[in-house]
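Read through the structure below, which is laid out as structure tokens, and then see the notes.
Side chains are part of it too, since the values below use all heavy atoms of this structure and drop only hydrogens, waters and symmetry mates. Whatever order the structure lists them in is the order used to number ligands and atoms, beginning at 1.
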Amino acid sequence: MLRKKVLFMVFATILIVLTGCGSGSETSSGSNANGAENGSENQGEERPQYTFRLAETHPADYPTTLGDKKFAELVSERTDGRITIEVFPSAQLGEEKAAIEQVQLGSIDFTRVSTGPLAEFNDEYGVFSLPYIFDNDEHVWNFLRGPKGRELLSSIESSNMKGLAYYSSGSRSFYSTEPLESIDDIEGKKIRVIQNKLNIDVVEALGGNASPMAYGEVFSALQSGVIDAAENNYPSYYSSKHYEVAPYMIRDSHQRVPEVLLVSKVTWDKLSPEDQEIIEQAALDSVKTQKEEWAKYAKESKEKVLEAGVTITEVEDITPWQEAVQPVIEEHGEKYADILEAIDEARP
Ligand code: GTR
């Protein structure tokens, strides 16, 4: 009996060693969700394999998510499947602020976020939250593609993240549970803003009360009356269903805050220069897809909200809005003087 027991234990031990189970050793052939190498370091010629995670706040069919997926597909193709990037849509890995924090730490490898919340992590990005500084999308892209736009993308390296590419995001306008016909209707309204200090100043200069809040909480806050209004572009207004509870929109286009694809510096520093180049190029190449999808979705989402009976007021004269936010530009403009100059020069 005892002999049998000893034999069994020896056999079990051999099994554990062979399969590498239960020891926490690095012999596992599976991929690590945090992008750790798959233990192929010592296998001669073989190059490391990785599985990375990308956090996305929007649902699977949203244009930014389709951009992320294109990015992942290109990386996989160009590395013959050695590098897999798993896209987690619908804020499965957390709301944007939390996702950015995790990217800083390296516990999430990539994220696609708005430059709005990013301003709290790198001051320079605050410039995009300054109101009415861009005339249209062409103006935004002229700037982003120019030297200052590129420089801004890499400026994020100081906060342990690296910008890979910008994505389109249209322009943001206010919408409310109550009619919004002019700037006077902003007065006294409790308005949700992206969590960044500059947004508070913008809304307060327009007469509203700013309420910084995570994106995922906005629908129920509008529905329950915790807030009266929010602001966003057509695609987000539609896909988040905010239009169902806040069916009055006024198109003042106060901000054009680009989206950005980020990689953690922790992840970046693990990669060989060749892999870094593949990833950087794939991100830039995915922009085309994201922009095409954006154009389609922006048109469809405007149609869909109109069909649903939303009232959209176009602002005919933007001057009173611009005048109201002048103190914000004066207060923060100086710090961004050189960037604002480049934005001015990029005017088409
Ligand atoms: C959207 C943007 C999201 C998120 C959201 C928000 O336009 O694409 O990344 O920032 O706005 O208002 O929080």
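Polar contact check, Y215 against ligand 1: no nitrogen or oxygen pair lies under 3.5 Å apart. At a 3.5 angstrom cut-off on N or O pairs, Y62 does not count as close to ligand 1.
For the pair L262 and F121, the minimum side-chain heavy-atom distance is 4.5 Å or more. For the pair I191 and I186, the minimum side-chain heavy-atom distance is below 4.5 Å. Within the 4.5 Å cutoff, the side chain of I200 has heavy atoms near those of the P212 side chain. A heavy-atom distance below 4.5 Å is not found between the side chains of T64 and E293.
One N or O on the side chain of S114 and one on the backbone of G116 form a donor-acceptor pair closer than 3.5 Å.
Residue contacts with ligand 1 for S114 involve both N, CA, C or O and side-chain atoms from C-beta outward (heavy atoms, distance under 4.0 Å). The proximity of T64 to ligand 1, defined as any non-hydrogen pair under 4.0 Å, does not occur for either the backbone or the side chain. Under 4.0 Å from ligand 1, the heavy atoms of N233 that appear belong solely to its side chain.
Nearest protein heavy-atom contact of atom 1 (C) of ligand 1 is S236 OG, 3.3 Å. In terms of protein heavy atoms, atom 7 (O) of ligand 1 is closest to N232 OD1, 2.7 Å.
The atoms of ligand 1 that sit less than 4.0 Å from any heavy atom of R112 are 8 (O), 9 (O).
Centroid-to-centroid, the aromatic rings of H254 and F134 stay 6.0 Å apart or farther. In summary, the aromatic rings of H58 and Y297 are positioned with their centroids too far apart to meet the 6.0 Å limit.
Proximity annotation for atom 6 (C) of ligand 1: of E96, E259, M213, R192, R192 comes nearest, heavy atoms only.
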